[in-house]
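Working notes, structure below.
In what follows, residues are counted from 1 in the order of the sequence shown. Only a predicted model underlies this, so the values are computations on that prediction, with no experimental measurement involved.
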Amino acid sequence: MAVPEPDARLAQEKEEESEEESEILEESPCGRWQKRREQVNQGNMPGIQSTFLAMDTEEGVEVVWNELLFTDKKAFKAHEEKIKTMFEQLVLVDHPNIVKLHKYWLDVKDSKARVIFITEYVSSGSLKQFLKKTKKNHKAMNARAWKRWCTQILSALSFLHSCEPPIIHGNLTSDTIFIQHNGLIKIGSVWHRVFANALPDDLRSPIRIEREELRNLHFFPPEYGQKADGTAVDIFSFGMCALEMAVLEIQTNGDTRVSEEAIVRARHSLDDPNMREFILSCLTLNPDKRPTANNLLFHRVLFEVHSLKLLAAHCFINNQYLMPENVVEEKIKELDLNMVMAEIRREGRPGAQWRYSEVSFLELDKFLEDVRNGIYPLMNFAVSRPHALPRALSQPQEDPQKAKTPTPEPFDVETRKVVQMQCNMELNEDKTQWHLTLLLILEDKLHRQLSYDLLPTDNSKDLATELVHYGFIHEDDCEKLANFLENAFHKYRSPPL
């Protein structure tokens, strides 16, 4: 029998290893999420006993299957409802610069219990890994990239801190910040502080303390872990991340822990005085004197008056549901490329003209996609509205004996936004009832078609609210859809002139 060549044998072994890693070990109760054998490292995720790569069979994308194991089943059962409430609300935390928590469920068997939750998979690696690669290639940090990353991180922190009550990340390091291939920043491990603080002492055993890793101790301020600590904890951590991004690495003296001397050296190495002042304001030891995330977005090192192009792009994205899917392409076909797009007239000397032929429409498409993905947020203009969180996240544990009413199983929450809406209304054969057909195109290009026989008592607001309740649309699209339906009702139901 012929013996395979070494190269062929190696390729065969790799193929077999790949098949083993892609083997499905477990499925979610709904069958949508499939856990694989391959384990992934999503940075420093305290408390997670295991993280596996998984497949979202509905969307056809890879996700992360996270498991929290509780060995005391009795204590877990006593607080089961509170755990459910916490995760139901964390699923609602939705921001382009925060790793999304898609779904959770509980698995209680024998003497043990598990909380399993599915999070977005960030395949491009952590900020720390990126900085190491950049330094290895003997490259300096680009100032524009540094500003863009800081803006995105602060955008996420401003969002979390504007919740009511505020969400404190509590574990912000260069290990829990991820960079997508397109430059989009994602913050992970948001769930940890909320979960750890809300759990009673008898259930905290699987939640590892964030500061136990010596190499990350410098990311946490002196007041960390005290009862009075607040959102300023995240600002200190952000300042240390911003410093590390600027210098690529804070050197150590062979010790695993970053010393105060190394931090001082890194600060003194900053050439830009505005950047240095920005970072030092975050690293102030007195938490009361640290700026807020929103205030930092207005700092002169980051703040810039947004271009008309960016403002127009955000306006376009926010109202895209009113336009056809390929509106940019169609508009380009209608344009005379020799037509003057803009002109500057100067008295006594020649002016300047820009024609449509000078615009790169491919670049325009990419720019719109980047804006849609959250790479260029408009956080400098206003704080987003506060996001109410349930009392269960901030109040003491309720006595389980007082809450015996069963809680109905919640519907899946739709996390994707609608980018286009179309509808049609037709009268039935006897002309007594309207039949509504609604086509929704979601941001991932999924088409969702709904049909309904309208009752005389139906109104647009109630219909839109019901679609949110049953998980057909994102709650942020409720008002848009209600207005869209109201216009459609007026158009079809109004008698012709």
F236 vs T284, test: side-chain contact (heavy atoms from CB on, under 4.5 Å). Steps then yes/no. CA-CA 8 Å; F236 185 95; T284 302; over 6 Å; no
Assess, by modelled atom type and distance only, whether the side chains of [X] and [Y] contain a donor and an acceptor separated by less than 3.5 Å.
{"X": "H299", "Y": "S281", "result": "no"}
{"X": "T292", "Y": "N295", "result": "yes"}
{"X": "H435", "Y": "N424", "result": "no"}

With a 4.5 Å heavy-atom cut-off, do [X] and [Y] have their side chains touching?
{"X": "L131", "Y": "V247", "answer": "no"}
{"X": "E67", "Y": "K35", "answer": "yes"}
{"X": "T176", "Y": "I187", "answer": "no"}
{"X": "L440", "Y": "I473", "answer": "yes"}
{"X": "V340", "Y": "W354", "answer": "no"}
{"X": "V418", "Y": "I441", "answer": "no"}
{"X": "E244", "Y": "F219", "answer": "yes"}
{"X": "F117", "Y": "L68", "answer": "yes"}

Nearest heavy-atom neighbours spanning [X] and [Y]:
{"X": "L270", "Y": "A246", "answer": "CD2-CB, 3.6 Å"}
{"X": "F489", "Y": "S460", "answer": "CE1-N, 3.8 Å"}
{"X": "L438", "Y": "L481", "answer": "CD2-CD1, 4.0 Å"}
{"X": "S174", "Y": "S126", "answer": "O-CB, 3.7 Å"}
{"X": "I317", "Y": "L368", "answer": "CD1-O, 3.8 Å"}

Roughly how far apart are [X] [atom1] and [Y] [atom2], rounded to 0.5 Å?
{"X": "L106", "Y": "I116", "atom1": "CG", "atom2": "CD1", "answer": "8.5 Å"}
{"X": "L90", "Y": "T119", "atom1": "CG", "atom2": "OG1", "answer": "12.0 Å"}
{"X": "M141", "Y": "F130", "atom1": "CE", "atom2": "CZ", "answer": "6.0 Å"}
{"X": "F238", "Y": "I177", "atom1": "CZ", "atom2": "CD1", "answer": "8.5 Å"}
{"X": "C150", "Y": "R148", "atom1": "SG", "atom2": "CZ", "answer": "12.0 Å"}
{"X": "L127", "Y": "I179", "atom1": "CG", "atom2": "CD1", "answer": "5.0 Å"}

Tell me whether [X] contacts the main-chain N or O of [Y] through its side chain, where contact means a donor paired with an acceptor under 3.5 Å.
{"X": "S237", "Y": "F220", "value": "no"}
{"X": "D56", "Y": "V63", "value": "no"}
{"X": "K461", "Y": "N483", "value": "no"}
{"X": "E414", "Y": "H474", "value": "no"}
{"X": "H169", "Y": "G188", "value": "yes"}
{"X": "Q433", "Y": "L454", "value": "yes"}
{"X": "D462", "Y": "D458", "value": "no"}
{"X": "S158", "Y": "L154", "value": "no"}
{"X": "S162", "Y": "F159", "value": "yes"}

Going through the distances and angles, do R448 and L439 end up as a side-chain contact (heavy atoms from CB on, under 4.5 Å)? CA-CA 6 Å; R448 177 167 283 161; L439 175 66; over 6 Å; no
Under 4.0 Å between a Lys/Arg side-chain N and an Asp/Glu carboxylate O for [X] and [Y]?
{"X": "R32", "Y": "E27", "value": "no"}
{"X": "E59", "Y": "R416", "value": "yes"}
{"X": "D272", "Y": "R276", "value": "no"}
{"X": "E249", "Y": "K128", "value": "no"}
{"X": "E343", "Y": "R345", "value": "yes"}
{"X": "E120", "Y": "K100", "value": "no"}
{"X": "K84", "Y": "E81", "value": "yes"}
{"X": "D476", "Y": "K417", "value": "yes"}

Any cation-pi pair here, K309 with F367, using under 6.0 Å and within 45°? yes
Ring of F178, cation from K186 - is the NZ or CZ under 6.0 Å from the centre and inside 45° of the axis? no
Pair L450-F472, side-chain contact (heavy atoms from CB on, under 4.5 Å): steps then yes or no: CA-CA 9 Å; L450 308 169; F472 287 111; 3.8 Å; yes
Evaluate side chain to side chain donor-acceptor pair (under 3.5 Å) for H181 paired with S123, printing each intermediate quantity in order. CA-CA 9 Å; H181 60 86; S123 59; over 6 Å; no
Take F278 and W146 through the ring-ring contact (aromatic ring centres under 6.0 Å, His included) test and state the conclusion after the steps. CA-CA 13 Å; F278 173 84; W146 181 86; 5.7 Å; yes
Do the ring planes of W33 and H102 sit parallel (below 30°), tilted (30 to 60°) or perpendicular (above 60°)?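 Geometry flag for H102 against W33: parallel rings.
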Determine the interplanar angle of the Y104 and F87 rings, folded into 0 to 90°, and report it as parallel if under 30°, tilted if 30 to 60°, perpendicular if over 60°.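 Y104 vs F87 ring planes: parallel.
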Going through the distances and angles, do N338 and R355 end up as a side chain to side chain donor-acceptor pair (under 3.5 Å)? CA-CA 6 Å; N338 290 319; R355 300 181 185 276; 5.9 Å; no
Apply side-chain contact (heavy atoms from CB on, under 4.5 Å) to residues H161 and I167 and explain how you reach the verdict. CA-CA 5 Å; H161 295 173; I167 297 179; over 6 Å; no
The test is salt bridge (charged side-chain N to carboxylate O under 4.0 Å, His left out); show your working for R372 and E369 and say whether it passes. CA-CA 5 Å; R372 187 181 293 110; E369 188 65 25; 2.7 Å; yes
Test N97 against Q152 for side chain to side chain donor-acceptor pair (under 3.5 Å), laying out the working first. CA-CA 6 Å; N97 300 118; Q152 291 181 62; 3.0 Å; yes
